[in-house]
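This is a predicted model, so every value here is computed, not measured. Only heavy atoms go into these numbers, but all of them, side chains included; no hydrogens, no water, no symmetry mates. Start at 1 with the first residue, then count along the sequence.
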Amino acid sequence: MPEPVDAVEMQAALLRLRRTSGLPVVFGGLLSDARHARIAELNGAQTSALRGLVISAGSGLGGKAIALSRACAVTDYASSRHISHEYDAAVAAEGLRSVVAVPVVVRRAVRGVLYGALRTPATLGDRTFDAMVAAARDVEQSLAVRDEVRQLLAAGRAQVTDPDAAPGAWEDVREAHRELRALVPRVVDPALRDDLLEVCGRLASAAGAKVPAAREVRLAPREVDVVACVAAGATNAAAAQRLGLRPETVKGYLRSAMRKLGAHTRLEAVVAARRAGLLP
(Lines give C-alpha, C1' and ligand atoms only; values in the text may rest on other atoms or scores of the structure.)
Protein backbone atom coordinates (compact mmCIF):
# COMPACT_ATOMS: atom_id res chain seq x y z
CA MET A 1 0.00 0.00 0.00
CA PRO A 2 1.20 3.59 -0.65
CA GLU A 3 2.74 5.15 2.45
CA PRO A 4 1.60 8.49 3.98
CA VAL A 5 4.80 10.17 2.83
CA ASP A 6 3.99 9.18 -0.77
CA ALA A 7 0.60 10.86 -0.37
CA VAL A 8 2.38 14.08 0.59
CA GLU A 9 4.27 14.02 -2.70
CA MET A 10 1.05 13.44 -4.62
CA GLN A 11 -0.69 16.30 -2.82
CA ALA A 12 2.15 18.68 -3.61
CA ALA A 13 2.23 17.65 -7.27
CA LEU A 14 -1.53 18.15 -7.66
CA LEU A 15 -1.37 21.58 -6.05
CA ARG A 16 1.39 22.65 -8.46
CA LEU A 17 -0.51 21.10 -11.37
CA ARG A 18 -3.67 23.04 -10.68
CA ARG A 19 -1.71 26.29 -10.43
CA THR A 20 0.30 25.77 -13.62
CA SER A 21 -2.40 24.23 -15.83
CA GLY A 22 -5.46 26.24 -14.85
CA LEU A 23 -7.46 23.02 -14.66
CA PRO A 24 -10.33 23.34 -12.16
CA VAL A 25 -10.11 19.71 -10.99
CA VAL A 26 -7.03 17.52 -10.54
CA PHE A 27 -6.77 14.21 -8.73
CA GLY A 28 -4.77 11.01 -8.61
CA GLY A 29 -3.37 8.12 -6.66
CA LEU A 30 -0.62 5.54 -6.48
CA LEU A 31 -0.87 1.88 -7.36
CA SER A 32 -1.47 -0.54 -4.50
CA ASP A 33 -0.38 -3.45 -6.70
CA ALA A 34 0.56 -4.00 -10.34
CA ARG A 35 -2.98 -3.42 -11.66
CA HIS A 36 -4.90 -1.20 -9.25
CA ALA A 37 -4.67 2.46 -8.26
CA ARG A 38 -6.76 4.13 -5.59
CA ILE A 39 -7.82 7.77 -6.05
CA ALA A 40 -6.71 9.23 -2.74
CA GLU A 41 -5.85 12.88 -3.44
CA LEU A 42 -8.15 15.51 -4.99
CA ASN A 43 -7.81 19.24 -5.54
CA GLY A 44 -10.75 21.33 -6.73
CA ALA A 45 -13.38 18.59 -6.38
CA GLN A 46 -16.87 19.62 -5.31
CA THR A 47 -17.98 16.17 -4.15
CA SER A 48 -16.40 13.06 -2.63
CA ALA A 49 -17.60 10.85 -5.50
CA LEU A 50 -14.08 10.17 -6.81
CA ARG A 51 -12.32 9.73 -3.47
CA GLY A 52 -11.38 6.13 -2.77
CA LEU A 53 -12.29 4.96 -6.27
CA VAL A 54 -10.17 1.93 -7.22
CA ILE A 55 -9.03 2.08 -10.84
CA SER A 56 -8.20 -1.20 -12.57
CA ALA A 57 -5.68 -1.38 -15.40
CA GLY A 58 -7.53 -1.20 -18.71
CA SER A 59 -10.75 0.21 -17.20
CA GLY A 60 -11.88 3.78 -17.80
CA LEU A 61 -9.52 6.54 -18.87
CA GLY A 62 -7.03 6.18 -16.01
CA GLY A 63 -6.99 2.40 -16.36
CA LYS A 64 -6.22 2.81 -20.06
CA ALA A 65 -3.32 5.15 -19.21
CA ILE A 66 -2.00 2.59 -16.71
CA ALA A 67 -2.31 -0.31 -19.18
CA LEU A 68 -0.70 1.58 -22.07
CA SER A 69 1.80 3.46 -19.90
CA ARG A 70 1.07 6.72 -21.72
CA ALA A 71 -1.16 9.78 -21.45
CA CYS A 72 -4.76 9.40 -22.59
CA ALA A 73 -7.50 12.03 -22.99
CA VAL A 74 -11.17 12.32 -23.91
CA THR A 75 -13.13 15.42 -24.88
CA ASP A 76 -16.39 14.16 -23.37
CA TYR A 77 -15.96 11.31 -20.89
CA ALA A 78 -19.54 10.02 -20.86
CA SER A 79 -19.86 9.73 -24.63
CA SER A 80 -16.34 8.57 -25.48
CA ARG A 81 -16.16 5.34 -27.47
CA HIS A 82 -12.45 4.88 -26.78
CA ILE A 83 -12.72 3.91 -23.11
CA SER A 84 -14.82 1.58 -20.99
CA HIS A 85 -17.37 3.17 -18.67
CA GLU A 86 -17.17 1.45 -15.27
CA TYR A 87 -16.67 4.79 -13.50
CA ASP A 88 -19.27 6.93 -15.28
CA ALA A 89 -21.39 7.43 -12.15
CA ALA A 90 -18.56 8.93 -10.12
CA VAL A 91 -17.37 11.07 -13.05
CA ALA A 92 -20.90 12.35 -13.67
CA ALA A 93 -21.44 13.09 -9.97
CA GLU A 94 -18.41 15.40 -10.06
CA GLY A 95 -19.63 16.90 -13.34
CA LEU A 96 -16.49 16.12 -15.33
CA ARG A 97 -16.50 16.15 -19.13
CA SER A 98 -13.06 16.68 -20.66
CA VAL A 99 -10.46 14.55 -18.85
CA VAL A 100 -6.79 13.67 -19.29
CA ALA A 101 -4.93 10.92 -17.42
CA VAL A 102 -1.14 10.61 -17.22
CA PRO A 103 0.67 7.62 -15.67
CA VAL A 104 3.52 8.03 -13.20
CA VAL A 105 6.25 5.72 -14.50
CA VAL A 106 9.33 4.87 -12.44
CA ARG A 107 11.96 2.68 -14.16
CA ARG A 108 9.40 1.46 -16.70
CA ALA A 109 6.89 0.46 -14.03
CA VAL A 110 3.64 2.40 -13.62
CA ARG A 111 3.40 3.56 -10.01
CA GLY A 112 0.44 5.93 -10.13
CA VAL A 113 -1.87 8.04 -12.26
CA LEU A 114 -2.71 11.76 -12.36
CA TYR A 115 -5.90 13.25 -13.78
CA GLY A 116 -6.87 16.72 -14.89
CA ALA A 117 -10.41 17.64 -15.87
CA LEU A 118 -12.79 20.33 -17.09
CA ARG A 119 -16.51 20.51 -16.41
CA THR A 120 -17.13 21.38 -20.06
CA PRO A 121 -16.41 19.34 -23.22
CA ALA A 122 -13.34 20.96 -24.75
CA THR A 123 -10.11 19.93 -26.41
CA LEU A 124 -7.19 20.18 -24.01
CA GLY A 125 -4.21 22.03 -25.43
CA ASP A 126 -0.46 21.46 -25.34
CA ARG A 127 -0.05 23.66 -22.28
CA THR A 128 -2.32 21.36 -20.30
CA PHE A 129 -0.58 18.22 -21.48
CA ASP A 130 2.84 19.71 -20.71
CA ALA A 131 1.72 20.63 -17.19
CA MET A 132 0.30 17.14 -16.65
CA VAL A 133 3.48 15.44 -17.83
CA ALA A 134 5.61 17.75 -15.65
CA ALA A 135 3.49 16.93 -12.58
CA ALA A 136 3.78 13.20 -13.26
CA ARG A 137 7.53 13.60 -13.62
CA ASP A 138 7.70 15.39 -10.26
CA VAL A 139 6.00 12.44 -8.57
CA GLU A 140 8.17 10.00 -10.53
CA GLN A 141 11.39 11.68 -9.39
CA SER A 142 10.23 11.80 -5.77
CA LEU A 143 9.38 8.10 -5.82
CA ALA A 144 12.67 7.23 -7.53
CA VAL A 145 14.65 9.15 -4.90
CA ARG A 146 12.68 7.48 -2.13
CA ASP A 147 13.30 4.03 -3.62
CA GLU A 148 17.01 4.75 -3.79
CA VAL A 149 17.06 6.10 -0.25
CA ARG A 150 15.32 3.02 1.11
CA GLN A 151 17.74 0.69 -0.65
CA LEU A 152 20.76 2.63 0.57
CA LEU A 153 19.37 2.87 4.10
CA ALA A 154 18.98 -0.90 4.19
CA ALA A 155 22.51 -1.39 2.84
CA GLY A 156 23.88 1.24 5.21
CA ARG A 157 22.26 -0.33 8.27
CA ALA A 158 23.61 -3.72 7.24
CA GLN A 159 27.11 -2.28 6.96
CA VAL A 160 26.82 -0.63 10.38
CA THR A 161 25.73 -3.96 11.89
CA ASP A 162 28.63 -5.90 10.39
CA PRO A 163 31.16 -3.72 8.54
CA ASP A 164 33.68 -6.59 8.39
CA ALA A 165 31.28 -9.07 6.78
CA ALA A 166 33.29 -9.26 3.55
CA PRO A 167 36.66 -8.25 2.11
CA GLY A 168 36.74 -4.59 1.20
CA ALA A 169 33.76 -3.93 3.47
CA TRP A 170 35.06 -0.54 4.56
CA GLU A 171 35.06 0.68 0.98
CA ASP A 172 31.41 -0.42 0.79
CA VAL A 173 30.70 1.51 4.00
CA ARG A 174 32.36 4.63 2.62
CA GLU A 175 30.53 4.38 -0.71
CA ALA A 176 27.18 3.94 1.06
CA HIS A 177 27.97 6.97 3.23
CA ARG A 178 28.81 9.13 0.19
CA GLU A 179 25.68 8.09 -1.70
CA LEU A 180 23.40 8.66 1.27
CA ARG A 181 24.81 12.11 1.96
CA ALA A 182 24.41 13.06 -1.70
CA LEU A 183 20.70 12.16 -1.49
CA VAL A 184 19.93 14.16 1.66
CA PRO A 185 19.30 17.51 -0.11
CA ARG A 186 16.88 15.81 -2.54
CA VAL A 187 14.64 14.37 0.21
CA VAL A 188 11.73 16.64 1.15
CA ASP A 189 10.21 14.44 3.85
CA PRO A 190 11.72 15.45 7.24
CA ALA A 191 11.34 12.01 8.83
CA LEU A 192 13.07 10.26 5.93
CA ARG A 193 15.80 12.91 5.90
CA ASP A 194 16.37 12.36 9.64
CA ASP A 195 16.66 8.61 8.99
CA LEU A 196 19.25 9.31 6.31
CA LEU A 197 21.32 11.57 8.56
CA GLU A 198 21.08 9.11 11.45
CA VAL A 199 22.45 6.27 9.32
CA CYS A 200 25.14 8.56 7.89
CA GLY A 201 26.22 9.38 11.42
CA ARG A 202 26.31 5.72 12.40
CA LEU A 203 28.33 4.84 9.30
CA ALA A 204 30.81 7.63 10.06
CA SER A 205 31.18 6.65 13.73
CA ALA A 206 31.48 2.96 12.87
CA ALA A 207 35.16 3.57 12.19
CA GLY A 208 35.70 4.92 15.69
CA ALA A 209 37.13 1.68 17.04
CA LYS A 210 39.70 1.55 14.22
CA VAL A 211 40.77 5.21 14.00
CA PRO A 212 42.07 7.14 17.03
CA ALA A 213 39.76 9.96 18.06
CA ALA A 214 40.90 13.51 17.43
CA ARG A 215 39.75 16.89 18.73
CA GLU A 216 36.08 17.59 18.19
CA VAL A 217 35.45 19.24 14.84
CA ARG A 218 32.13 20.51 13.57
CA LEU A 219 31.60 20.78 9.83
CA ALA A 220 28.52 22.06 8.04
CA PRO A 221 26.55 19.34 6.22
CA ARG A 222 27.71 20.51 2.79
CA GLU A 223 31.32 20.62 4.00
CA VAL A 224 31.02 16.95 4.99
CA ASP A 225 29.46 16.18 1.58
CA VAL A 226 32.38 17.81 -0.23
CA VAL A 227 35.05 16.07 1.88
CA ALA A 228 33.25 12.75 1.32
CA CYS A 229 33.49 13.31 -2.44
CA VAL A 230 37.16 14.22 -2.11
CA ALA A 231 37.70 10.99 -0.16
CA ALA A 232 36.31 9.12 -3.17
CA GLY A 233 38.89 10.79 -5.40
CA ALA A 234 36.47 13.25 -7.01
CA THR A 235 37.76 16.49 -8.49
CA ASN A 236 36.02 19.74 -7.58
CA ALA A 237 34.15 19.62 -10.89
CA ALA A 238 33.02 16.03 -10.32
CA ALA A 239 31.95 16.81 -6.76
CA ALA A 240 29.99 19.81 -8.01
CA GLN A 241 28.16 17.68 -10.56
CA ARG A 242 27.38 15.00 -8.01
CA LEU A 243 26.12 17.43 -5.37
CA GLY A 244 24.31 19.82 -7.71
CA LEU A 245 26.61 22.72 -6.82
CA ARG A 246 28.88 25.08 -8.75
CA PRO A 247 32.60 24.23 -8.78
CA GLU A 248 33.36 27.58 -7.09
CA THR A 249 30.92 26.69 -4.32
CA VAL A 250 32.61 23.31 -3.83
CA LYS A 251 35.98 25.08 -3.55
CA GLY A 252 34.58 27.37 -0.90
CA TYR A 253 33.17 24.49 1.16
CA LEU A 254 36.44 22.57 0.83
CA ARG A 255 38.54 25.56 1.94
CA SER A 256 36.30 26.06 4.95
CA ALA A 257 36.42 22.36 5.87
CA MET A 258 40.21 22.26 5.55
CA ARG A 259 40.54 25.28 7.81
CA LYS A 260 38.34 23.71 10.49
CA LEU A 261 40.17 20.40 10.22
CA GLY A 262 43.59 22.03 10.35
CA ALA A 263 44.47 20.47 7.01
CA HIS A 264 46.74 21.86 4.31
CA THR A 265 45.99 19.35 1.57
CA ARG A 266 42.96 17.42 0.35
CA LEU A 267 44.42 14.16 1.65
CA GLU A 268 45.05 15.68 5.08
CA ALA A 269 41.43 16.87 5.14
CA VAL A 270 40.13 13.35 4.46
CA VAL A 271 42.39 11.81 7.12
CA ALA A 272 41.41 14.46 9.68
CA ALA A 273 37.70 14.03 8.91
CA ARG A 274 37.98 10.28 9.49
CA ARG A 275 39.86 10.76 12.74
CA ALA A 276 37.16 13.18 13.87
CA GLY A 277 34.48 10.58 13.14
CA LEU A 278 32.94 12.64 10.34
CA LEU A 279 33.64 10.06 7.63
CA PRO A 280 33.84 6.27 7.78
Side-chain angles (χ1 to χ4, degrees), residues 1-3 6-18 20-143:
M1 292 295 290
E3 298 182 17
D6 297 328
V8 172
E9 297 294 348
M10 181 67 75
Q11 291 168 2
L14 291 176
L15 181 60
R16 290 191 296 269
L17 173 59
R18 194 174 177 201
T20 56
S21 68
L23 290 166
V25 187
V26 293
F27 52 101
L30 299 178
L31 269 66
S32 55
D33 57 42
R35 293 188 56 81
H36 299 90
R38 180 176 176 273
I39 304 302
E41 308 301 330
L42 300 95
N43 193 303
Q46 296 177 347
T47 73
S48 60
L50 297 168
R51 187 176 298 279
L53 202 64
V54 176
I55 307 300
S56 299
S59 300
L61 183 67
K64 183 177 180 180
I66 292 171
L68 297 179
S69 191
R70 63 173 174 82
C72 299
V74 294
T75 301
D76 191 349
Y77 194 100
S79 64
S80 176
R81 294 179 294 176
H82 301 291
I83 61 172
S84 60
H85 290 275
E86 293 89 342
Y87 313 112
D88 281 9
V91 173
E94 185 58 43
L96 305 182
R97 303 289 295 276
S98 182
V99 186
V100 58
V102 178
V104 175
V105 183
V106 181
R107 297 186 182 90
R108 299 185 180 181
V110 177
R111 297 276 294 275
V113 61
L114 300 183
Y115 297 82
L118 301 173
R119 292 189 170 90
T120 56
T123 301
L124 297 168
D126 290 343
R127 176 191 169 192
T128 299
F129 275 92
D130 289 346
M132 291 288 299
V133 170
R137 189 173 295 118
D138 286 345
V139 178
E140 169 202 336
Q141 291 174 350
S142 296
L143 293 177

Please work out which of the three classes, parallel, tilted or perpendicular, describes the rings of His85 and Tyr77, given edges at 30° and 60°.
perpendicular
Counting only heavy atoms not in Asp126, do more than 12 fall under 6.0 Å of its CG?
no
Taking all non-hydrogen atoms of both residues, which atom of Ala67 and which atom of Ala57 are closest, and how far apart?
CB-C, 4.4 Å
With rounding to the nearest 0.5 angstrom, report the CD1 to OH distance, Ile39 to Tyr115.
4.5 Å
Nearest-0.5 Å distance, CD1 of residue Ile55 to NE2 of residue His36:
10.0 Å
Side chains of Leu118 and Pro24 in contact at under 4.5 Å (non-hydrogen atoms)
yes
Nearest heavy atoms of Gly28 and Leu14, plus distance in Å
N-CD1, 4.0 Å
Under 3.5 Å, is there a donor-acceptor pair between the side chain of Ser84 and the main chain of Glu86?
no
Which heavy-atom pair separates Ala101 from Gly62 by the least distance, and what is that distance?
CB-CA, 3.9 Å
For a quick test of your reading: what N or O donor-acceptor pairs under 3.5 Å do the side chains of residues 42-54 make, sequence neighbours left out?
| from | atom 1 | to | atom 2 | distance (Å) |
| --- | --- | --- | --- | --- |
| Asn43 | OD1 | Arg18 | NH1 | 2.7 |
| Thr47 | OG1 | Ala49 | N | 3.2 |
| Thr47 | OG1 | Glu94 | OE1 | 2.7 |
| Arg51 | NH1 | Ala40 | O | 2.9 |

Give me the atom names and distance for the closest heavy-atom approach of Arg97 to Arg119.
CG-O, 3.5 Å
Report yes if the side chains of Leu30 and Leu143 come closer than 4.5 Å at any heavy-atom pair, otherwise no.
yes
Shortest non-hydrogen contact from Pro103 to Val110?
CB-CG1, 4.1 Å
Minimum heavy-atom separation for His82 and Lys64, please, with both atom names.
O-NZ, 3.1 Å
Which of Val105, Leu31, Val104 passes side-chain contact (heavy atoms from CB on, under 4.5 Å) with Ile66? Answer is Leu31
Run the side-chain donor-acceptor check on residues 127-138: report pairs under 3.5 Å with partners two or more places apart or on a different chain.
| from | atom 1 | to | atom 2 | distance (Å) |
| --- | --- | --- | --- | --- |
| Arg127 | NE | Thr20 | O | 3.4 |
| Arg127 | NH2 | Thr20 | O | 3.1 |
| Asp138 | OD2 | Arg16 | NE | 3.3 |
| Asp138 | OD2 | Arg16 | NH2 | 3.4 |

